[in-house]
Amino acid sequence: EAGVAQSPRYKIIEKRQSVAFWCNPISGHATLYWYQQILGQGPKLLIQFQNNGVVDDSQLPKDRFSAERLKGVDSTLKIQPAKLEDSAVYLCASSLATGGTGELFFGEGSRLTVL
Amino acid sequence: GENVEQHPSTLSVQEGDSAVIKCTYSDSASNYFPWYKQELGKGPQLIIDIRSNVGEKKDQRIAVTLNKTAKHFSLHITETQPEDSAVYFCAARPPTGKLIFGQGTTLQVKP
């Protein structure tokens with residue numbers, strides 16, 4: 001079974017530039033998550049989708065971050081404009097279960113460096 | 001909301017020794033406690049989990065214990081091997097909330 005796919009694996013940008021990350025979850029998984037993992041910390045949830053609807057985006061900095069999940073499958077996370085403090089690994093995860101239950105399967109992450 | 005504290009932040013053991021990582025949580029309604037292992041350059045991977053109706057769960061060399069009264073849960077790894085070296089995260093989730101992760105423990109197993 002293919003895992004969660006993310007791209008790009010690495011991205012370096014200047015502050016105030018924009019960046020987009022892509023995620024393809026495990027086939028059939030209804031729930032998709034984007035987490036931000038700052039170096040030395042645990043993952044922090046940015047946004048949770050169930051199918052193509054948003055379940056929780058309470059910790060998404062909506063002035064600069066946006067995310068969408070069209071057709072309930074792939075998802076993109078965009079940052080515009082980027083700040084230095086956005087440097088982190090952005091992890092996508094998916095889950096077969098709905099309602100926030102069940103095991104989360106993580107991708108390998110997209111490492112962002114903002115200079 | 002839920003808050004999870006994890007200790008220690010780093011742990012170094014000799015191969016064959018045991019390792020214990022401890023977490024505390026704040027929301028007494030939390031009922032699901034997974035442990036994830038993250039190797040360098042990889043995403044976290046679930047290694048074991050426990051629900052609040054169980055006090056202990058074991059899977060080969062790995063065990064997790066839960067004390068609901070004290071709001072503590074711990075990961076125990078016995079007979080550690082070099083391939084156990086990684087960052088370990090505990091997490092807690094209330095019934096209708098999101099998964100909250102601890103800060104992580106870097107485990108080094110020295111051959």
Side-chain angles (χ1 to χ4, degrees), chain A residues 1-10 21 23-26 29 31-50 54-60 77 88-113, chain B residues 1-11 21-27 29-53 57 59 64 73 75 86-107:
Chain A
E1 178 181 82
V4 175
Q6 289 188 246
S7 68
R9 289 295 313 278
Y10 305 94
F21 302 112
C23 172
N24 179 239
I26 293 173
H29 280 197
T31 307
L32 184 148
Y33 309 80
W34 283 101
Y35 282 85
Q36 180 192 58
Q37 186 175 24
I38 293 172
L39 188 64
Q41 298 182 20
K44 183 185 85 170
L45 181 68
L46 292 175
I47 189 167
Q48 176 185 342
F49 292 94
Q50 186 170 311
V54 175
V55 174
D56 185 342
D57 64 355
S58 58
Q59 299 210 77
L60 187 74
L77 175 71
V89 175
Y90 291 86
L91 294 163
C92 179
S94 69
S95 173
L96 182 62
T98 58
T101 62
E103 178 180 354
L104 269 60
F105 293 85
F106 284 88
E108 295 192 324
S110 294
R111 180 178 296 278
L112 173 65
T113 301
Chain B
E2 176 63 278
N3 184 52
V4 178
E5 297 287 333
Q6 183 172 347
H7 300 281
S9 57
T10 60
L11 180 59
I21 303 170
K22 299 182 179 181
C23 290
T24 60
Y25 60 99
S26 61
D27 188 344
S30 288
N31 61 358
Y32 178 63
F33 307 92
W35 286 88
Y36 283 83
K37 176 183 181 182
Q38 187 173 27
E39 296 177 340
L40 197 62
K42 306 279 188 182
Q45 182 176 17
L46 180 72
I47 55 171
I48 194 167
D49 57 11
I50 191 168
R51 297 188 186 272
S52 58
N53 58 344
K57 185 176 178 181
D59 182 4
V64 57
F73 58 114
L75 177 71
V87 181
Y88 291 81
F89 292 97
C90 63
R93 184 173 62 207
T96 56
K98 54 182 170 255
L99 200 60
I100 302 297
F101 286 84
Q103 299 91 331
T105 296
T106 300
L107 173 65

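Per chain, numbering begins at 1; letters A, B, ... match sequence-line order.
For chain B, the nearby part of A:R9 is the side chain; its heavy atoms alone come within less than 4.5 Å.
Closest approach of B:G43 and A:L91 over heavy atoms only: CA-CD2, 4.1 Å.
A search for ring-ring contact (aromatic ring centres under 6.0 Å, His included) contacts involving A:Y35 returns A:F106, B:F101, not counting sequence neighbours.
Residue B:Q45 places its CD atom among 12 or fewer non-hydrogen atoms of other residues, nucleotides or ligands, all under 6.0 Å distant.
Distance check, rounded to the nearest 0.5 Å: CG of A:D56 to NZ of B:K98 gives 4.0 Å.
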List the atom pairs, with distances to 0.1 Å, where a side-chain N or O of residues 34-41 of chain B and a protein N or O form a donor-acceptor pair under 3.5 Å, not counting sequence neighbours.
{"from": "B:Y36", "atom 1": "OH", "to": "A:L104", "atom 2": "N", "distance (Å)": "3.4"}
{"from": "B:K37", "atom 1": "NZ", "to": "B:E83", "atom 2": "O", "distance (Å)": "2.9"}
{"from": "B:Q38", "atom 1": "OE1", "to": "A:Q37", "atom 2": "NE2", "distance (Å)": "2.9"}
{"from": "B:Q38", "atom 1": "NE2", "to": "A:Q37", "atom 2": "OE1", "distance (Å)": "3.0"}
{"from": "B:Q38", "atom 1": "NE2", "to": "B:K42", "atom 2": "O", "distance (Å)": "2.9"}

